[in-house]
Number of protein chains: 2
Amino acid sequence: MAFENYTIKDIARALNLSPSTVSRALRDSYEISTETKQIVLAYAEKINYRANPIARSLKERKSYSIGIIVSEIANNFFSQVIDGIESVAYSKNYQVVISQTHESAERERLNVEHLYSRSTDGLLMALSAETSDCSYLESLMDKGFPIVFFDRVPAQIRSHKVIADNKQGGYDAVNYLSKKGCKKIAHVTGAKKLSITKERLEGYKMGLLAHNLDFNPALVKYCEYGGLHQDELEKVVMELRDQDYDGIFISGDKLTTGYLQAMNEQDSHKLDHIAIAGFTNSKVVNIFSPTITAIRQPAFDMGQRAAELLIQQIESKQADTDFQTVVLPTTLIERK
Amino acid sequence: MAFENYTIKDIARALNLSPSTVSRALRDSYEISTETKQIVLAYAEKINYRANPIARSLKERKSYSIGIIVSEIANNFFSQVIDGIESVAYSKNYQVVISQTHESAERERLNVEHLYSRSTDGLLMALSAETSDCSYLESLMDKGFPIVFFDRVPAQIRSHKVIADNKQGGYDAVNYLSKKGCKKIAHVTGAKKLSITKERLEGYKMGLLAHNLDFNPALVKYCEYGGLHQDELEKVVMELRDQDYDGIFISGDKLTTGYLQAMNEQDSHKLDHIAIAGFTNSKVVNIFSPTITAIRQPAFDMGQRAAELLIQQIESKQADTDFQTVVLPTTLIERK
DNA sequence: TTGAAAGCGCTAACAT
DNA sequence: ATGTTAGCGCTTTCAA
């Protein structure tokens, strides 16, 4: 009884009004008498009327839903971003539709297609590790489909972007390690082409420079799938086994935990001689062993900001917005 | 926002056919000649025609989307469940719409109502910790709206349910601890009314019994918000501070990590004298300190099974009458 | 201020 | 096998 499926016609019939009048009353139109409006609203309330959003969408060409595309939902960072997105979407009455790429460019493309043709009003996305060609995204945007990128953003596309201050984060990590006395700092990072990889690497180099440490390419290891597969980290640990390093900066969530796991298994004696700093959004770094220093991204905020920008763009009438790139600070969390 | 999208009418006009013929061709109806079908499909392909799913939804009264309601997205267990749901939904061409309750019964109700009236075809949900009255869910189901519950399921409602073998998991934990030599095993758990709380408690008691250990109510601590707020665990640790126990079984993801954190901070010296086993779906338990034994739920599978049941129910013509409760085994992961 | 009617894009019952 | 038509529930001209 609380959930009958009444339509505007039902209300119109019951109140001896026309459907259009009822619609106007419900939509709070100006061209309606306060009296009728009251009557309609009261009755709608009484029968617990719910507008059919599909019909409205068809008419208005707007679905009040936004799509999210990330590589993995079951990931500290991304799930926190989604939390942030959901909080904004919820408050603005948008639905949130999710899909995953598993770092596959093909899957990404399929998801975008799907969410576009499935009439989401816009997209929030972080590029997959595999993605190199973004031209199809650009052409969608040219057609007026709003896309806001976060975290992993395309360099060439003009759009809103929300990212962490990755360079600063990388710098902070190296700076921290150096102040702890590290002289030879390794770097484990993700796919070469990703923005976050480049920016964090830049921060790493900047940190080395600031402390007069040499940049040694042999100490930089890339994982093209960002640690999605643990064997990537096992390989890294093996390759670093005979390298002489006393500190390491790791550039991503799964990379960081994967490295710790691989080290525990493969090279645990070295752990006593190195200091570790890594990007991670795990909420439980303080119970990790070995002890690490965490670089944390403001994932929840990032989701919120991205969602706000997207919804703003969706709801703005004029097509030509001037696009912003929002850069949010990272936090270095030292283990007590 | 200009969406240059073709419609069936456009195709019909271009090919000198009627819209219905075009529709039939696209829908691969039997009552159409192979020839015209080819022509239509070829042309549709050429202009990159995308059907408007909203229009189809309105007509068919089906949205090809399913709702998910969980307490928190940014949670090991739930994000893995969602991953599983998404994998099935993706393969069956359903969209996945997400919302969170933050353990609030009110928010849960709003979300349900929203997803229902927003025309999702069905719901997958785990009850919030606060939920006690499920009658509104029941009346929705009576109206033919399919809901499949997972993890935290209502006892009284007839529906498909997918759960872990919580009792066995609890038993396994206690059995393990006992075999390790524990004589006094405490238990930290979640909201009293939740199914998972009761089932795990039962397993705990069964384990005690099997090993001739006394049940001591003073060693059982409830957290009504399941560790959503860390102060719940701080309180537990404080209360257990002067209790004499040598083992502890913890009944949930956030409870487990929260307990470890609180112990590290408040009562770390005791850690050398107790063994810990806890439900958690963290993928990095092997780098936790203190060392714990994990009871892991098959979260991904659970999501898959639940999604399969829901979609099956959505697509079955006759009102389903025999509901299944799928019980999946937990895994005990001993730290090497 | 209200009502009648058209139409969003699609499907399907009914006609041909 | 194809076309005609009505209608899903809603919004929105246009007419009264």
Side-chain angles (χ1 to χ4, degrees), chain A residues 3-41 43-44 47-65 93 116-121 144 317, chain B residues 1-41 43-44 47-65 93 116-121 144 317:
Chain A
F3 283 98
E4 277 313 322
N5 283 321
Y6 295 101
T7 72
I8 276 191
K9 278 185 191 166
D10 296 325
I11 300 181
R13 207 176 302 124
L15 299 181
N16 250 312
L17 290 168
S18 75
S20 39
T21 305
V22 175
S23 172
R24 277 189 275 253
L26 293 169
R27 320 232 64 227
D28 200 19
S29 163
Y30 56 95
E31 41 181 3
I32 191 153
S33 74
T34 342
E35 200 188 354
T36 355
K37 181 153 57 181
Q38 288 314 324
I39 296 175
V40 171
L41 289 179
Y43 185 74
I47 64 172
N48 194 32
Y49 166 79
R50 303 286 143 186
N52 180 328
I54 304 234
R56 194 147 100 93
S57 290
L58 180 60
K59 182 69 189 172
E60 294 187 352
R61 300 153 152 267
K62 184 159 178 345
S63 67
Y64 289 92
S65 70
N93 260 284
Y116 169 71
S117 75
R118 271 308 189 89
S119 313
T120 49
D121 295 335
K317 297 305 165 201
Chain B
M1 300 281 156
F3 276 72
E4 230 41 81
N5 277 339
Y6 294 100
T7 73
I8 277 191
K9 277 186 192 167
D10 296 324
I11 301 181
R13 207 175 303 122
L15 300 181
N16 248 311
L17 291 167
S18 78
S20 45
T21 305
V22 175
S23 172
R24 277 189 277 254
L26 293 168
R27 320 228 61 225
D28 201 19
S29 162
Y30 58 95
E31 43 181 1
I32 193 154
S33 74
T34 346
E35 199 188 357
T36 14
K37 180 152 63 182
Q38 288 313 324
I39 296 175
V40 171
L41 290 179
Y43 186 75
I47 64 170
N48 193 31
Y49 167 78
R50 303 286 143 187
N52 181 328
I54 303 236
R56 194 148 100 92
S57 290
L58 180 60
K59 179 70 189 172
E60 296 186 350
R61 309 165 141 262
K62 183 163 181 343
S63 67
Y64 288 92
S65 70
N93 260 285
Y116 170 72
S117 76
R118 272 306 189 92
S119 313
T120 49
D121 295 335
K317 299 302 166 206

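All of these numbers come straight from a predicted model, not from anything done at the bench.
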Open item on the list: What's A:T36 touching, base or sugar-phosphate or nothing? Going by heavy atoms closer than 4.0 Å.
Closed with: sugar-phosphate
Open item on the list: How many whole angstroms separate atom OH of A:Y64 from atom P of D:dC10?
Closed with: 15 Å
Check nucleotides 10-13 of chain C for protein N or O atoms closer than 3.5 Å to its own N or O atoms and list the pairs.
unit_1, atom_1, unit_2, atom_2, d
C:dC10, OP1, B:Y49, OH, 2.5
C:dC10, OP1, B:N52, N, 3.0
C:dC10, OP2, B:I8, N, 2.7
C:dT11, OP1, B:R27, NE, 3.1
C:dT11, OP2, B:S23, OG, 2.9
C:dT11, O2, B:K59, NZ, 3.1

- [ ] Measure the distance from CG on B:L17 to P on D:dT4 and round it to the nearest whole Å.
- [x] 11 Å
Open item on the list: Restricting to side chain to side chain contact (heavy atoms under 4.5 Å, CB included), what partner residues turn up for B:D10, sequence neighbours left out?
Closed with: B:Y6, B:T7, B:R13
- [ ] Return the minimal non-hydrogen interatomic distance between B:L15 and B:V40, and the atom names on each side.
- [x] CD1-CA, 3.9 Å
Task: Phosphate OP1/OP2 of D:dT2 contacted by B:S33 side-chain N/O (<4.0 Å) - done: yes
Open item on the list: Rounded to whole Å, please give me the gap between CG in B:D10 and P in C:dC8.
Closed with: 11 Å
Task: With sequence neighbours excluded, residues passing side chain to side chain contact (heavy atoms under 4.5 Å, CB included) with A:A51 - done: A:Y49
Task: Set of residues satisfying side chain to side chain contact (heavy atoms under 4.5 Å, CB included) with respect to B:L41, sequence neighbours excluded - done: B:L26, B:K37
TODO: Round to a whole Å and report the spacing from CD1 of B:I54 to P of D:dT11.
DONE: 14 Å
- [ ] Mind calculating the distance between CD (A:Q38) and C1' (C:dT1) to the nearest angstrom?
- [x] 15 Å
- [ ] Report the distance from atom OH of A:Y30 to atom C1' of C:dT2, rounded to the nearest whole Å.
- [x] 13 Å
- [ ] Find the distance A:I11:CD1 to D:dC10:P and express it as a whole number of Å.
- [x] 8 Å
Task: Sugar-phosphate, base or nothing in reach of B:I32, heavy atoms under 4.0 Å - done: sugar-phosphate
- [ ] Let me know the distance between CD1 of B:I39 and C1' of D:dA1, rounded to the nearest Å.
- [x] 13 Å
Open item on the list: Under the rule for side chain to side chain contact (heavy atoms under 4.5 Å, CB included), what residues qualify as partners of B:S117, not counting sequence neighbours?
Closed with: A:R50
Open item on the list: Test of understanding: with side-chain hydrogen bond (donor to acceptor under 3.5 Å, both in side chains), list the residues that count as partners of B:N93, not counting sequence neighbours.
Closed with: A:H114
Open item on the list: So does B:P53 get a backbone contact from the side chain of B:S57, meaning a donor-acceptor N/O pair under 3.5 Å?
Closed with: yes
